[in-house]
Amino acid sequence: MSRKEKIIDYFNSLDRSLFMDINKDLAVVDTALPIGYGQTISQPSLVLEMTVLLNPEEDSKILEIGTGSGYQTALLSTFSGTVFTVERIHELYDKTKIRLENMGFDNVYFKLDDGTMGWEQFAPFDRIMVTAAARFIPPSLLEQLAPRGIMVIPVGGSNYQELLVIKKDSEGKVSTECKGYVKFVPLIGRYE
Ligand code: SAH
């Protein structure tokens with residue numbers, strides 16, 4: 001099985017309702033759903049697509065911005081070395097940390113903070129996944145992306161965003177590709 005097939009296989013086996021407290025009966029529907037606090041769990045097909053675009057490797061160190069329900073985190077945790085995930089809403093941070101720990105995901109570090117500033121202490125990261133809509137690429141995140149690193153981030157206005165794949169080569173040169181259009185809840189933070 002290729003790595004992509006393994007990701008798809010695991011994704012198909014992962015019950016989305018385990019990451020939800022409300023609307024559990026709708027978990028099988030391929031749509032974003034409310035998880036409280038004005039936030040949403042992304043639609044499954046998009047979580048899979050973004051994971052494949054991020055192309056995590058077995059030993060990748062990943063920074064995730066927007067822990068939310070932990071659904072995306074679970075996929076990243078399974079297909080990487082370590083995940084550093086940041087969430088700004090303390091109720092979601094608390095709930096999801098306990099949830100993922102209870103489910104046995106033991107390579108995930110959680111932080112309650114504004115993720116637009118990244119996680120300096122553990123930088124650089126091989127992969128950066130942003131699951132909230134940025135108005136522009138946060139400079140700190142670009143700085144904290146390692147050479148040969150990949151970042152997946154939705155960038156645009158509040159109605160819709162371009163799904164960008166940003167690659168940094170071994171010399172630090174950055175290239176950007178738009179992979180389609182998506183709609184996420186806003187990334188709220190400092191972006192300096
Ligand atoms: N991947 C999550 C998506 C949750 S929605 C899931 O599938 O459940 C986006 C999340 O990003 C929300 O939980 C929101 O609170 C969080 N968020 C928004 N701005 C943020 C910021 N600056 N830093 C960290 N988290 C942020």
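Note that ligands are numbered from 1 as they come in the structure, with each ligand's atoms numbered from 1 the same way.
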Practice item. Please say which of L76, T96, T73 ends up in a side-chain contact (heavy atoms from CB on, under 4.5 Å) with V108. Key: T73
Review point. Of all the atoms in ligand 1, which lie at a distance below 4.0 Å from a heavy atom belonging to V185?
Key: 5 (S), 9 (C)
Check your understanding: Counting from 1, what ligand 1 atoms have a heavy atom of V86 closer than 4.0 Å?
Key -> 24 (C), 25 (N)
**Study point:** N-O pairing of D21 and K95 below 4.0 Å
**Key:** yes
Review point. Cation-pi between K61 and F125: NZ/CZ under 6.0 Å from ring centre and within 45° of the ring axis?
Key: yes
Practice item. Would you please classify the geometry between the Y93 ring and the F110 ring as parallel, tilted or perpendicular, with 30° and 60° separating the classes? Key: perpendicular
Point to revise | Heavy-atom pair of closest approach, residues W119 and Q144 | key: N-OE1, 2.8 Å
Review point. Under 30°, 30 to 60°, or over 60°: which ring-plane class applies to Y71 and F11, parallel, tilted or perpendicular?
Key: tilted
Exercise for review: Quick one: closest heavy-atom pair of L187 and P138, and the distance?
Suggested key: CD2-CG, 4.1 Å
Check your understanding: Counting each atom of ligand 1 from 1 as listed, which ones have a heavy atom of I89 under 4.0 Å away?
Key -> 15 (O)
Review point. Can T73 be said to touch ligand 1, with heavy atoms closer than 4.0 Å?
Key: no
**Study point:** Salt bridge present between R3 and E5 (N-O < 4.0 angstrom)
**Key:** no
Point to revise | CZ on R190 to OG on S140, rounded to 0.5 Å | key: 8.0 Å
**Study point:** Ion pair K179/E49, N-O distance below 4.0 Å
**Key:** no
Check your understanding: Does I188 reach ligand 1 with a nitrogen or oxygen that is under 3.5 Å from one of the ligand's nitrogen or oxygen atoms?
Key -> yes
Practice item. Consider ligand 1: state whether an atom of it lies below 4.0 angstrom from any non-hydrogen atom of V47. Key: no
Exercise for review: Do me a favour and list the nearest non-hydrogen protein atom to atom 13 (O) of ligand 1 with residue, atom name and distance?
Suggested key: E87 OE1, 2.7 Å
Check your understanding: Considering only the protein, which heavy-atom contact is closest to atom 6 (C) of ligand 1, and what is its distance?
Key -> S69 OG, 3.5 Å
Check your understanding: Touching ligand 1 at all, P186? Heavy atoms, strictly under 4.0 Å?
Key -> yes
Exercise for review: For atom 23 (N) of ligand 1, find the nearest protein heavy atom and state the residue, atom name and distance (0.1 Å precision).
Suggested key: G115 N, 2.8 Å
Review point. Are any of the N/O atoms in Y71 less than 3.5 Å from those in ligand 1?
Key: no
Practice item. Check K97, E64, Q72 against T85 for a side chain to side chain donor-acceptor pair (under 3.5 Å) and give me the one that passes. Key: E64
Point to revise | Nearest-contact summary for atom 11 (O) of ligand 1 - protein heavy atom, Å | key: G66 CA, 3.2 Å
Point to revise | Selected option - heavy-atom contact closest to atom 25 (N) of ligand 1, from R88, E91, M117, R190 | key: R88
Review point. Less than 3.5 Å between some nitrogen or oxygen of Q72 and one of ligand 1, yes or no?
Key: no
Review point. Between Y10 and F79, does a ring pair (Phe, Tyr, Trp, His ring centres under 6.0 Å) hold up when you go through it step by step?
Key: CA-CA 10 Å; Y10 177 74; F79 291 96; 5.8 Å; yes
Practice item. Give yes or no for whether the N/O distance cutoff of 3.5 Å, strictly under, is met between T131 and ligand 1. Key: yes
**Study point:** Under 3.5 Å: N/O of I35 near N/O of ligand 1
**Key:** no
Check your understanding: How far is atom 5 (S) of ligand 1 from its nearest protein heavy atom, and which residue and atom is that?
Key -> T40 O, 3.1 Å
Review point. For ligand 1, which atoms have a heavy atom of L92 less than 4.0 angstrom away?
Key: 13 (O)
Study note, to complete from the structure: Among non-hydrogen protein atoms, atom 7 (O) of ligand 1 lies closest to S42 N, 3.5 Å
Check your understanding: What protein heavy atom sits nearest atom 12 (C) of ligand 1, and how far off is it?
Key -> Q39 OE1, 3.2 Å
Review point. Looking at D113, which atoms of ligand 1 are within less than 4.0 Å of one of its heavy atoms?
Key: 23 (N), 24 (C)
Review point. Should you measure from each heavy atom of T67, which atoms of ligand 1 turn up under 4.0 Å away?
Key: 2 (C)
Point to revise | Exceeds 12 heavy-atom contacts within 6.0 angstrom, atom NZ of K4 | key: no
